[in-house]
Each structure stands twice: as C-alpha cells, then as structure tokens.
Protein chains: 2
Amino acid sequence: MLSMKAKYGLRALLYLARQQNQEEPVLISELAEKEKIPKKFLELILLDLKNHGLLQSKKGKGGGYLLSRRPEAIKLGRVVRVLDGPIAPLPCASQTAYIPCDECEDEKTCGIRLVMKDVRDATAKILDGTSLADVLRRVEEASTQPAEALTYHI
Amino acid sequence: MLSMKAKYGLRALLYLARQQNQEEPVLISELAEKEKIPKKFLELILLDLKNHGLLQSKKGKGGGYLLSRRPEAIKLGRVVRVLDGPIAPLPCASQTAYIPCDECEDEKTCGIRLVMKDVRDATAKILDGTSLADVLRRVEEASTQPAEALTYHI
DNA sequence: TATTTACTCTATTGATTTAATAGTCTAAAT
DNA sequence: ATTTAGACTATTAAATCAATAGAGTAAATA
C-alpha cells in the first residue's frame, strides 16, 4: 500500500514536472497549497527526495524546489523506494533491499517467495518503466481523448 | 507489503494442501508447531479463513482444520484479500474494494491512479492466477531441478 | 452423561509505523 | 541587518500490527 508520504511526494514531483520553466524554483508553500498537502509534512518529504538526489533546492528569497533531472529521467520506482522503502511484498523477495527470512529453511524452494518475487518483478517493471513525463503524457491522453475513444464497441 | 498474518495464513494453507488425505483434519497445534507460527495468532487467522469459506473445521477429538476446496481451486489472491485486504496500492485503484480519493479532482485523469491501476492489475493477475496447487508444483520443480538447469550458459 | 478435546469468540496489550506538528537553526538574497 | 525560505531535530497522536489471555461452545468417547 502506498503511504500518504509517497502519494504526497509523487504529487509534488508531478507538479514540478508540469512547470514550464524547469529552472525556476517553486515554493514549498505553493506546492503545499496547490496540492493540498500539509506544509510541514511536505517539507520532510521534499528534503528526503533532495537528499536522495531527485530534487534541488535554493534557500532564501526566490528560493524553493526544482527537479534535479528532467521529468523523463525520474522514474516512479525510485521515488517510491525513497519514500516507502522496497517495492517487494516481502524482504526476501526484494532485489534492492534483500533480507532473508529467518524461519525459511530453504529459500530457493520457498513457494511464497517464488510468487512474491513474480509480484515484485511485475511491479518494478511498471514503476521503473514509468517516468514523471510518462505520467503527464498519460494524463494528457486521458483528458484529451473523448470518452468514446476509450470504449470498445461490439 | 505482506503482513505476518497473510504469510502465516499462506504457510498454513500450503501445509494443508500438502496433506495426502485431504479429508482428514489437521490440528491447529500441529500447524503451529510445524510452521513455527504462534498458536493463538494462528487460531485467529484460521478462523478468519474459515469464515470466508476457504477452510472447514471440525470440533472435538479428531477435529482440526481442512481445506474447504481442492488446492487447485484456492487462489492466492483470495487469501491475501481476506487476510490483508485489497491488493491495489491505493483504494481508488482497487477493483474489489474501490474507494474514491477525496482530494482527487478528476479521477479519470489522475496520473498516480492510472499507474497504480496498472500495478494492481499486474499483481492481481499473478495472485489470482496462482493456486495453492500451483505453488506446490513450483516448489517441487525448484527442488527437483538441478541448479544448473536453472542457469543460462553463454 | 461426564469428561476430554479442540475449535470459537471477545478483549486486551505492547510495539511499531504513520501522519502530522512544533520549534530552532542556517543559508541566501536584498 | 533584515527578511525570506529551506534544513534539521524532536515530539506527539492515532492507527495498525502482532501477539496473548481467557472464557465459551461443540463434538467425540468412555
């Protein structure tokens, strides 16, 4: 389950990705207000994302946050891992944060792990294959297309 | 993330699915001991699974739990939903337990939802497509196959 | 039918995590 | 020097998770 933290973080990043001038910092206050996110909570989230290299910040007047890379280069998988931790449903099925189960006798033949590894792989494929730019493009498509175009007719 | 509850539940179900005589009840005590699950906690889990139609029970001497259907007919998706709730990473992306976001202005064009729906679909496809019997078969394959057979050679 | 066995049910507890808030500190601009 | 705005640490309230406790009920059998 995606936490509020991750949801807020993604919303903030998408807001930044939508800015026409990607060089110009956006105030935390603006992000908080526009995206309806508790400001103090958002500060922590943005700081976290900054410390993991996804955001840059400028202090003082005219300061704020901006993406540290192009929206095409920021994958949702990275964001989710930073804010919510590993993607795998079980630590023993994680690629980036593997931790063995202590009860597990033989991990190679643990059925639950085998299936959860499939789930991890499928999820990671989607999240690591989707950038902020991809999300914006999909949103654009969804709002441009008339509803009928999305429906199958018999 | 899969909870201990779901993990314990799956382990217990797989234990039952491995029984040669599927008609003969297995004691909670045996399940708890063999699968190293706190007995009292396991009681709650099994009861829950029973109330959702996945298990049957017999009281008194010679009693215990048994699967209420064949191992081929019990899908992991059902088990996980009973013990951990909806599979979707967000309530607004759930098929079986949809709840709209209150902040969301236009759900049809919410990018986060679009992606999380993909994640849900991919996860549900795996979990709803895998039965207890499938898991046992995979475990069997994994433990029978020599290690080399699983490795690609250049 | 008394007794034992074993599941049923409700309540409670402690630990952890989550979401949010408070307040002080530091850097940058004017 | 002053204002602006992010940086950082600590704390708190609520929710969830994992586990435990104990009394109750149904079924078998001696």
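What you see is a predicted model, and the numbers here were worked out from it, not measured in a lab. Residue numbers begin at 1 in each chain, while the letters A, B, ... track the order of the sequences.
If you take CG of B/Leu42 and P of C/dT8, they are 12 Å apart, rounded to a whole angstrom. When the C1' atom of D/dG6 is taken as reference, atom CD of A/Gln56 falls 14 Å away, rounded to whole Å. The nearest whole Å value for the distance from the CG atom in A/Leu55 to the P atom in D/dA5 is 18 Å. We find that CE of B/Met4 is positioned 15 Å from C1' of D/dT20, with the value rounded to whole Å. Regarding A/Leu2, its CG atom lies at a distance of 12 Å from the P atom of C/dT18, rounded to whole Å. Atoms NZ (A/Lys7) and P (C/dA19) sit 10 Å apart, rounded to a whole Å. The separation between A/Asp48 atom CG and C/dA20 atom P is 16 Å, rounded to whole Å. The nearest whole Å value for the distance from the CG atom in A/Leu47 to the C1' atom in C/dA19 is 17 Å.
Between A/Tyr8 and C/dA20, a side-chain N or O to OP1/OP2 separation shorter than 4.0 Å is present. For A/Lys50, a side-chain nitrogen or oxygen approaches OP1 or OP2 of D/dA7 to under 4.0 Å. Neither OP1 nor OP2 of D/dA18 sits under 4.0 Å from any side-chain N or O of B/Lys5. Contact check, B/Ser57 against C/dT8: a side-chain N or O comes under 4.0 Å of OP1 or OP2.
Distance from the side chain of A/Lys58 is smallest for C/dA29 among the nucleotides C/dC9, C/dA29, D/dA26. Comparing C/dT30, C/dT5, C/dC9 by their closest approach to the side chain of B/Asn51 singles out C/dC9. Candidate nucleotides C/dT8, D/dT4, C/dT5 were compared by shortest atom distance to the side chain of B/Lys61, and C/dT5 ranks first.
Ion pairing between a basic and an acidic side chain is recognised when a charged N comes within 4.0 Å of a carboxylate O; A/Glu35 and A/Arg18 show such pairing. Between B/Glu141 and B/Arg138, no side-chain nitrogen of the basic residue sits less than 4.0 Å from a carboxylate oxygen of the acidic one, so the salt-bridge criterion is not met. Between A/Glu140 and A/Arg137 there is no salt bridge, since no side-chain nitrogen of the basic residue lies less than 4.0 Å from a carboxylate oxygen of the acidic one. A salt bridge does not link A/Asp118 with A/Arg113: none of the charged nitrogens is closer than 4.0 Å to a carboxylate oxygen.
A 4.5 Å side-chain heavy-atom check between B/Leu66 and B/Val26 finds every atom pair outside the cut-off.
Against DNA chain C, the stretch residues 17-41 of chain A makes heavy-atom approaches under 4.0 Å through A/Pro38, A/Lys40, A/Phe41.
With respect to A/Glu72, the salt bridge (Lys or Arg N to Asp or Glu O under 4.0 Å) criterion is satisfied by exactly one of A/Arg69, A/Lys75, A/Arg70: A/Arg70.
With DNA chain D read from its 5' end, the first of the two nearest nucleotides for B/Glu43 and B/Asp84 is the one closest to B/Asp84. Residue whose closest nucleotide on DNA chain D sits further toward the 5' end, between A/Leu44 and A/Gly62: A/Gly62.
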Practice task
Before giving the answer on salt bridge (Lys or Arg N to Asp or Glu O under 4.0 Å), spell out for A/Arg78 and A/Asp128 the whole-Å C-alpha distance, their side-chain angles and the decisive distance to 0.1 Å.
Solution key: CA-CA 7 Å; A/Arg78 184 111 167 76; A/Asp128 290 332; over 6 Å; no

